[in-house]
Amino acid sequence: MKTPDKKLNRLASEKSPYLLQHSTNPVDWFPWSEEAFTKAKSENKMIFLSIGYATCHWCHVMEKESFENETTAEVLNRDYVSIKVDREERPDVDRIYMDALHAMGQQGGWPLNMFLTPEGKPITGGTYFPPVPKYGRKSFTEVLGILSGLWKDKKEELLEASEDLTKHLKESEEAKALAGTTEMSSPGSEVFENGFLLYDRLYDPDYAGFKSNSVNKFPPSMGLSFLLRYHKSTGEPKALEMVEETLTAMKKGGIYDQIGGGLCRYSTDHHWLVPHFEKMLYDNSLFLEALVECYQAVGEERYKDYAYDVIEYLHRDMRLSGGGIASAEDADSEGEEGLFYLWTKEEVREVCGQDSSLLDEFWNITEKGNFEEKNILHESFRMNFSRLHGLEPSELEEIVSRNRKKLLEKRSERIRPLRDDKILFSWNCLYIKALTKAAMAFGDGDLLREAEETYKFLEKNLIREDGRLLRRFREGEARFLAYSTDYAEFVLASLYLFQAGKGFRYLENAIRYTEEAIRLFRSPSGVFFDSGIDGESLLRRTVDGYDGVEPSANSSFANVFVLLSKLGVVDSEKYLQYADSIFSYFKPELETYPMNYPCMLSALWLRKSPGRELAVVYSSQEELLPIWKGVGSLFLPETVLVWANDKEAEENGEKFLLLRNRNSGGGVKAYVCVGFHCELPVSDWSSLRAKLVED
């Protein structure tokens, strides 16, 4: 990233790979800091704020075209104070100015380039600015010249407009959250059917997935998890069909790396063919969880195979020393998007030999190619390829598997895309959750140990001595106060590990950090701000319920509170009220466009489900194992799980109603309960299974 023959700017002392990418630019960059704002005020200059992330393709393009350009840098250094921000380190800063851009009627994206007053108030902005006029846009230098002229000649008008915009941003979210509680009215159960009908209306019957965007298709993993719950409670076959077809289409499409595994960020078409090639940890974690839940729901081995393929990719290419998981891999290598992943027909023939003619058909490889005269490998997802070619499925699997290994080895000789190896708290927790669920579904203790290893990495490296969570770790440095989403996902990861039978310390952590999150983030109206009361004072404190590329903090906390209440912990009634206050706050959104809130819908579904509690008390791990594996293999989203040996049951009986006066009797006893009213215990898996799967 750095070259010794170039002068380093202030960003060279940062840890963010994104900021370091810009550390040799001739632009006099500042990181987000008081120093930058002080300079802007003292010199009466506008601030140019540029926000992006390390694996962002168009961020690379604009850097090469503009920020590495001496002439452009001269203009920026003369007329502006320039600040670079990694949106993944500072999502609070990114959200404020992205909302400002949306309030101006512009479509968002990255890089996000904003022009601010010296106090940080937004004036105007955009995303990518070309170096010369094209795409119907003015050149970046034209924009710089126009705005610097306006700052000199019409400064008061710009300041007035920025004040109005800032007031709008503050009143649209923060004021409502600070207004205090109103009469609570939770959404009715009809939102589930409305959500299903909206997914059904936007479903793509030809290529699966949902046409919620006119051009692109994003992985809808959280929506698929909601649809699985809807199917479980209603039996609606179309809900399950949409889940299975979409998971299969993504796994077989160009959006999935057919050679090395792993899901790309989105498809630039509705066919799942041409991806935006960057791979993000959050996408793969959510995709993995949806695959695992589908396997639990239908029992088909292919979903298990798909899940292990995602896990293999993440452990091979993204897992770091000590157990932390890197954030992302770039779309670009050698300056070209997707180059690392593309193949010519001749290259495949050289590697695969006599199998290549069959694989040309299997992966749709042609001389002409389907992207930049090369091939993005993909399967035709509705074709039964083995039957068509007179092969047993196992025969085809063996041919594909051995050639994937050959192609992967050949590809390893290429120059890899950049790996953004910073470790982000919430994204690692998303993976812990998915890996824990996979461990239970597949009865795989190794996966559970790996989930715990990542959890312990976070505990060791991203929790301050005073207990405050931090957002990012890289090269020995933990920095930035964690946001509410980091706390919410950490609590959920703790609850997942507790419900996987890893011990009461995880439940204790869940309760401890839930209470700390309530203190730091909860508003008078009951929803959670993104940033804490101890955070930097910005233009506003943001509230978010929208489940975009990852669950919102409020959706995840709604899940937290419902789970804690259903587990029957101390203050369970309080937690239920906290969940209801979130549902009430977002009731208009859940009722009008539930598709934007799939994770919150799943939390509300659990809240309204009669639900069950399963308490299993045992004397030895050996006797427990058949029941643990059996329970894990089932899709039981309405059931909370408590596992305790005799000692744990005795120690926690007074605090947890489910364990009061429970013991194993020297073996295993499993209690199935509804509302903490329990049936007589059973001691074998077949008897327990009959109780769990009965309608």
Side-chain angles (χ1 to χ4, degrees), residues 172-199 222-223 225-234 236 239 484-485 487-488 491-492 495 510 514-515 517-518 521-530 543-548 551-613 637-640 674-676:
S172 63
E173 282 190 4
E174 187 175 19
K176 180 183 175 184
L178 290 171
T181 56
T182 56
E183 184 177 344
M184 283 204 302
S185 175
S186 194
S189 298
E190 66 274 5
V191 297
F192 306 132
E193 184 177 3
N194 293 341
F196 162 72
L197 292 173
L198 187 55
Y199 278 107
M222 289 180 282
S225 287
F226 161 70
L227 288 171
L228 283 171
R229 285 155 177 76
Y230 184 80
H231 169 74
K232 180 160 179 77
S233 57
T234 65
E236 171 57 60
S484 54
T485 186
Y487 276 79
V491 171
L492 282 175
L495 289 172
T514 295
E515 290 299 323
I518 290 167
F521 303 104
R522 192 169 186 265
S523 73
S525 64
V527 290
F528 283 69
F529 287 115
D530 289 344
V543 171
D544 196 9
Y546 169 63
D547 299 316
S552 71
N554 279 291
S555 293
S556 292
F557 270 121
N559 267 296
V560 164
F561 293 136
V562 174
L563 281 172
L564 287 174
S565 68
K566 286 183 175 286
L567 283 166
V569 301
V570 175
D571 290 334
S572 59
E573 280 301 314
K574 176 189 77 173
Y575 291 141
L576 204 55
Q577 291 171 10
Y578 284 176
D580 287 341
S581 66
I582 293 173
F583 298 135
S584 177
Y585 187 94
F586 289 104
K587 179 181 178 182
E589 291 84 356
L590 288 166
E591 290 179 338
T592 55
Y593 205 76
M595 199 171 177
N596 279 352
Y597 300 82
C599 185
M600 195 173 291
L601 273 181
S602 291
L604 182 64
W605 180 89
L606 181 60
R607 166 68 175 98
K608 290 183 176 293
S609 166
R612 282 181 304 203
E613 306 88 38
E638 77 293 347
T639 304
V640 294
V674 176
F676 303 99

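- H231 and E236 make their closest contact through ND1-O, 2.9 Å (heavy atoms, listed as atom of the first residue, atom of the second, distance).
- To the nearest 0.5 angstrom, S186 atom OG is 7.0 Å from R607 atom CZ.
- Ring pair Y230/F226 is tilted by interplanar angle, where 30° to 60° counts as tilted.
- Counting only heavy atoms from C-beta outward, the side chains of S484 and F529 never approach each other to under 4.5 Å.
- Across every non-hydrogen atom of A177 and V543, the tightest pair is CB-CG2, 3.7 Å.
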>> Assess the residue pair K176 and Y585 against the criterion (side chain to side chain contact (heavy atoms under 4.5 Å, CB included)); give the C-alpha distance rounded to whole Å, side-chain angles, the decisive distance to 0.1 Å, and a yes or no.
In response: CA-CA 10 Å; K176 180 183 175 184; Y585 187 94; 3.3 Å; yes
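- Residues V191 and L590 share a closest heavy-atom pair of CG1-O, 3.9 Å.
- Side-chain atoms of L567 and L495, non-hydrogen and from C-beta on, do get closer than 4.5 Å to each other.
- Among residue pairs with one or both ends in residues 596-606, those qualifying as side chain to side chain donor-acceptor pair (under 3.5 Å) are S233-W605; sequence neighbours excluded.
- Between the side chain of S565 and the backbone N or O of L576, no donor-acceptor pair lies under 3.5 Å.
- Residues L564 and D571 form no side-chain contact, since every pair of their non-hydrogen atoms from C-beta on lies 4.5 Å or further apart.
- Checking side-chain atoms of S525 against main-chain N and O of A179 turns up no donor-acceptor pair under 3.5 Å.
- Minimum heavy-atom separation, I582 to A558: CD1-N, 3.9 Å.
- Of all heavy-atom pairs between F586 and D544, the closest is CZ-C, 4.0 Å.
- The closest donor-acceptor contact from the side chain of S523 to the backbone of L178 lies at 3.5 Å or more, if one exists at all.
- Between atom CD of residue E591 and atom CD of residue E190 there is a gap of 6.5 Å, rounded to the nearest 0.5 Å.
- Note that CZ of R522 and OG of S581 are 4.5 Å apart. Values are rounded to the nearest 0.5 Å.
- Side-chain N or O atoms of D547 include one that pairs as donor or acceptor with a backbone N or O of M600 at under 3.5 Å.
- No option in F521, F528, Y487 other than F528 meets the ring pair (Phe, Tyr, Trp, His ring centres under 6.0 Å) test with F557.
- Taking the side chain to side chain donor-acceptor pair (under 3.5 Å) definition, one finds that Y578 meets it with nothing, sequence neighbours left out.
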> S555 and M222: side chain to side chain contact (heavy atoms under 4.5 Å, CB included), yes or no, with the steps?
Replying inline: CA-CA 11 Å; S555 293; M222 289 180 282; over 6 Å; no
> Passes side chain to side chain contact (heavy atoms under 4.5 Å, CB included), V491 versus S556? Steps please.
Replying inline: CA-CA 9 Å; V491 171; S556 292; over 6 Å; no
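- Residues meeting the side chain to side chain donor-acceptor pair (under 3.5 Å) test with Y575, sequence neighbours left out: E515.
- Salt bridge annotation for K566-E613: absent, with no cationic side-chain nitrogen under 4.0 angstrom from a carboxylate oxygen.
- The shortest heavy-atom contact between A239 and F196 is N-CE1, 3.8 Å.
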>> Run the side chain to side chain contact (heavy atoms under 4.5 Å, CB included) test on L563 and L606 for me, step by step, so that the C-alpha distance in whole Å, both residues' side-chain angles and the decisive distance to 0.1 Å come before the verdict.
In response: CA-CA 8 Å; L563 281 172; L606 181 60; 3.9 Å; yes
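- Separating the OG atom in S189 from the CG atom in N194 is a distance of 11.0 Å, to the nearest 0.5 Å.
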